[in-house]
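Every number for a ligand or one of its atoms is a count from 1 in the order of the listing. Quick caveat: nothing in here was measured; it's all calculated off a predicted structure. Both backbone and side-chain heavy atoms feed into the values below; hydrogens, waters and symmetry mates do not.
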Amino acid sequence: MLTIKSKISELPAIGPAYVKKLHKVGIKTAGDLLFYFPFRYDDFSDVKKNSELELGEVVTVVGKIVDIQNVRTRKRKMSLTEALIEDESGLIKAIWFNQPFLTRNLKKGINVSLSGKVVFAQDGFQISNPSYELLGSGQSLHTARLVPIYHETEGLSSKWIRAHMKSVLKLAGEVEEFLPTSIIKNQNLLSLSEAILQIHFPDDEESTKDAKRRLAFDELFLVQLYMMMQKKKWQENKAVKIKFDKKIEKDIKEFIKSLPFKLTNAQKISTWNIIQDFEKNKPMNRLLEGDVGSGKTLVALISSLAVIGSGFQVAFMAPTEILARQHFEEAVKRFSGIHTPNPSQEGNSIKDSIVLNNSVESKKQNLQVRFHSPKGTMEPSNIKINSIWRGIGVCKIALLTGSESKIFIGGKTEKINRVKLLEKIKKGEIDLIIGTHSLIQKKVEFHNLAYSVIDEQHRFGIEQRGKLQNEIIGIKDGIKTVPHLLSMTATPIPRTLALTVYGDLDLSLLDEMPKGRQKIITKLVAPANRKLAYKFIGEQVQKGRQVFVICPLIEESDILEVRSATEEYEKLKNQIYKNFQIGLLHGKMKPKEKEEVMHKFSQGELDILVSTSVVEVGIDIPNASVMLIEGSDRFGLAQLHQFRGRVGRGKYQSFCFLFTDSTASKTHQRLKALIRSDNGFELAEQDLKIRGPGELVGIRQSGIPDLAMASLTDFELIKKVRYEADKIIAENDNLKKYPKLSEKLKKFTKDVHFE
Ligand code: ADP
Ligand code: MG
């Protein structure tokens with residue numbers, strides 16, 4: 001007897017070839033097949049008489065085949081199958097292209113149901129390429145209803161899936177309900193088995209909505225539960241409590257005073273979020289989201305001061321050597337500048353530099369509020385604390401990458417032997433260790449790491465991130481003490497989405513750029529103006545500026561993408577700019593090679609860098625003034641905006657040229673948003689509206705399943721999901737009361753690979 005656990009090979013009429021195909025899309029059992037959902041429907045539910053058909057409509061007709069034959073068109077050597085269908089109202093012609101085998105099934109005298117579009121031909125209306133099925137075979141599957149359309153990968157056609165889906169659908173009743181009854185009731189959801197029936201073969205439009213709502217609820221709910229449980233698990237650890245005491249307050253104050261600019265409000269709020277987290281003895285796990293150039297590094301550095309001031313170490317990991325070096329240089333510059341406060345920065349003190357909370361009203365009030373440090377901080381006894389506070393000015397900073405080890409001690413930077421550096425880190429003689437993946441190698445042992453910062457977090461795998469996160473600095477009574485964690489990203493994901501996608505993290509947004517940033521002049525360039533743009537770029541280079549050229553995104557194929565970038569590179573080098581130094585960067589190059597090219601570009605040895613979309617996000621090249629993007633219509637707005645953020649970082653007026661061959665006015669409308677807005681969050685919201693959540697970088701890679709993905713903009717639903725998940729988590733009993741839910745969650749997290 002068949003059950004939902006039956007192997008796919010045990011189902012009727014599925015041979016080994018199809019078993020293989022199904023396995024490829026992850027379908028192993030009858031139950032798995034039930035969970036292979038359609039992504040849309042053809043609406044063939046409008047059944048009409050032959051005499052009532054209207055041009056252009058999509059309909060279903062039912063009747064008897066009175067004639068059918070295959071013919072060949074002489075001109076184009078195409079095979080046509082022509083049939084005449086009769087119902088009580090009259091005749092209609094149906095026509096299929098290149099499917100002569102149809103006449104094996106469709107014979108004169110047979111009753112059929114046909115669905116398709118009514119078109120006009122020489123001799124009147126006909127239905128072209130209709131879906132068909134024989135009458136008398138029970139419930140209709142392919143015509144006369146809402147017909148499910150599935151993703152047709154691995155040579156699985158929708159028609160094939162429908163036929164076999166029907167044979168397993170009678171098992172839907174066996175699918176176990178895993179949601180607690182109270183949730184189903186409260187949220188007015190279909191039962192799971194009903195939802196499965198309706199998602200595949202819905203009664204009507206309304207039913208598809210109900211079914212989708214239930215199944216999307218499930219996915220979102222499981223994602224949310226997973227995130228919340230991760231968060232809880234993480235918080236069962238302990239972290240070092242970093243007191244925000246007078247001394248630290250003073251240090252930070254002085255530091256902020258020493259900066260040659262004012263912090264943005266968003267920087268103040270984010271810094272304060274972090275410092276408040278430090279005061280708890282639970283480990284922080286916070287995501288700092290902010291546009292390119294919004295000043296994330298500085299937030300990380302200021303918060304580091306609190307940790308260093310308490311005698312603990314900070315690790316700061318970046319995805320590439322260049323970025324690590326850049327951070328190191330910024331840290332050195334900022335931290336050694338402490339003794340030369342800028343007198344012009346009147347009023348830039350801690351009191352208005354850091355605000356107590358996010359509410360606007362309280363900001364003013366905060367100017368008078370004194371910071372209080374929590375009393376009675378407790379440290380697990382086996383944590384090593386560096387006994388002497390050395391002051392910010394003499395903060396010891398190290399750079400550790402694959403090819404470099406350097407330290408900044410006593411006011412100067414010098415090279416140091418790697419082994420010696422590792423020793424110093426282990427002994428606690430370095431406060432702030434900045435580096436690449438090198439930081440998470442086994443050889444690196446920290447003395448008392450209390451704060452880990454991960455820049456461009458999406459560039460690291462979950463495991464790599466985990467390594468810095470789980471660095472254990474003490475264990476007491478079986479409870480681990482782990483560092484506080486700050487992840488940073490320049491991918492602006494609107495808050496509402498981020499809460500779902502990164503539900504295990506707390507969120508701080510830098511949604512405001514430092515004052516006085518120059519506006520980058522953005523232009524849409526039609527193909528006819530290409531020459532002009534090239535001329536302009538040539539002049540910029542002649543003036544000593546540098547230029548990025550980004551090649552189109554080719555989603556389907558890395559190889560094609562690399563080829564197109566290489567061709568572009570050759571073209572510019574050999575035809576357009578023979579006298580300029582031009583470099584090439586793409587995803588198929590080794591990390592070392594990429595680093596080298598980026599390094600050359602940042603050193604000014606290259607005038608133009610041709611690159612695929614792999615080009616570094618965080619890199620600071622003040623001398624670059626032009627960003628040229630080929631095939632710009634292929635990118636999301638948020639991503640284009642990120643590219644654009646790579647210029648305009650210095651004192652030169654900068655330009656972003658969006659090249660497109662597309663003539664569609666919709667495309668132009670979309671790209672024009674970039675001319676209007678220079679706010680990454682705004683642009684991400686627009687992407688979301690126009691192209692859906694799957695298009696946002698960072699969400700696409702999140703591992704969120706399809707229905708949940710499609711529902712990410714359904715804020716009502718998300719609110720409800722979160723409400724129910726919160727309630728269950730608050731019961732604090734590890735889902736013990738809900739064994740079925742617990743089991744489902746385990747399977748779900750195994751199938752879905754969260755990143
Ligand atoms: P990102 O958020 O992209 O990582 P960075 O941290 O690299 O941005 O900051 C870009 C530049 O802006 C750095 O040179 C930094 O020193 C500077 N910066 C940071 N905060 C401010 C501010 N409030 N005002 C002016 N410049 C700032
Ligand atoms: Mg950065």
Subset of ligand 1 atoms that lie under 4.0 Å from at least one heavy atom of Val292: 3 (O)
Of all pairs that satisfy side-chain hydrogen bond (donor to acceptor under 3.5 Å, both in side chains), the ones with a partner from residues 544-553, not counting sequence neighbours: Arg545-Asn623, Arg545-Tyr652, Gln546-Asn623
Residues Arg286 and Asp277 bridged, charged N to O under 4.0 Å: yes
Interfacing atoms of ligand 1 (cut-off 4.0 Å, heavy-atom, Arg517): 11 (C), 12 (O), 17 (C), 18 (N), 26 (N), 27 (C)
Leu259 near ligand 1 by a heavy-atom separation under 4.0 Å: no
Steps toward salt bridge (Lys or Arg N to Asp or Glu O under 4.0 Å) verdict (Arg649, Asp620): CA-CA 7 Å; Arg649 297 186 142 220; Asp620 213 355; 2.9 Å; yes
Basic-acidic side-chain contact under 4.0 Å: Glu330, Arg334: yes
Contact atoms of ligand 1, heavy-atom distance to Asp291 under 4.0 Å: 2 (O), 3 (O)
Partner of Phe681 by side-chain contact (heavy atoms from CB on, under 4.5 Å), out of Leu510, Leu509, Asp291: Leu509
Ligand 1 atoms in contact with Thr297 (distance to a heavy atom under 4.0 Å): 4 (O), 5 (P), 6 (O), 7 (O)
Under-4.0 Å heavy-atom contact with ligand 1, by part of Lys515 that carries it: neither
Lys231: which of Asp504, Asp506, Asn285 passes side-chain hydrogen bond (donor to acceptor under 3.5 Å, both in side chains): Asp506
Parallel, tilted or perpendicular, as decided by the 30° and 60° cut-offs, for the rings of Phe255 and Phe335: perpendicular
Contact with ligand 1 for Met488, non-hydrogen, under 4.0 angstrom: no
Any N/O pair Pro514/ligand 1 closer than 3.5 Å: no
Side-chain ion pair, Glu605 and Lys600, N-O less than 4.0 Å: no
Part of Leu510 with heavy atoms under 4.0 Å of ligand 1, whether side chain, backbone, both or neither: neither
Distance filter under 4.0 Å to Leu298 heavy atoms, resulting ligand 1 atoms: 20 (N)
Any Gln326 heavy atom less than 4.0 Å to ligand 1: no
For Lys262, atoms of ligand 1 separated by under 4.0 Å from a heavy atom: 22 (C), 23 (N), 24 (N)
Nearest neighbour of atom 15 (C) of ligand 1 from the list Glu330, Gln642, Glu289, Glu329, on a heavy-atom basis: Glu330
Residue part near ligand 1, for Leu263, under 4.0 Å between non-hydrogen atoms: backbone
Test item: Thr271 side-chain N/O and Gln267 main-chain N/O as donor-acceptor pair under 3.5 Å: yes
Heavy atom of Ser294, distance to ligand 1 below 4.0 Å: yes
Heavy-atom neighbours of Lys519 NZ exceed 12 at 6.0 Å: yes
Proximity flag Gly293 to ligand 1, non-hydrogen atoms under 4.0 Å: yes
Which of the ligand 1 atoms, numbered from 1, are nearer than 4.0 Å to a heavy atom of Arg649: 3 (O)
Glu456 contact mode with ligand 1 (heavy-atom cut-off under 4.0 Å): neither
Side-chain donor-acceptor contact under 3.5 Å, Arg325 with Thr401: no
Ligand 1 atoms in contact with Arg334 (distance to a heavy atom under 4.0 Å): 16 (O)
Charged N-O contact under 4.0 Å between Glu254 and Lys250: yes
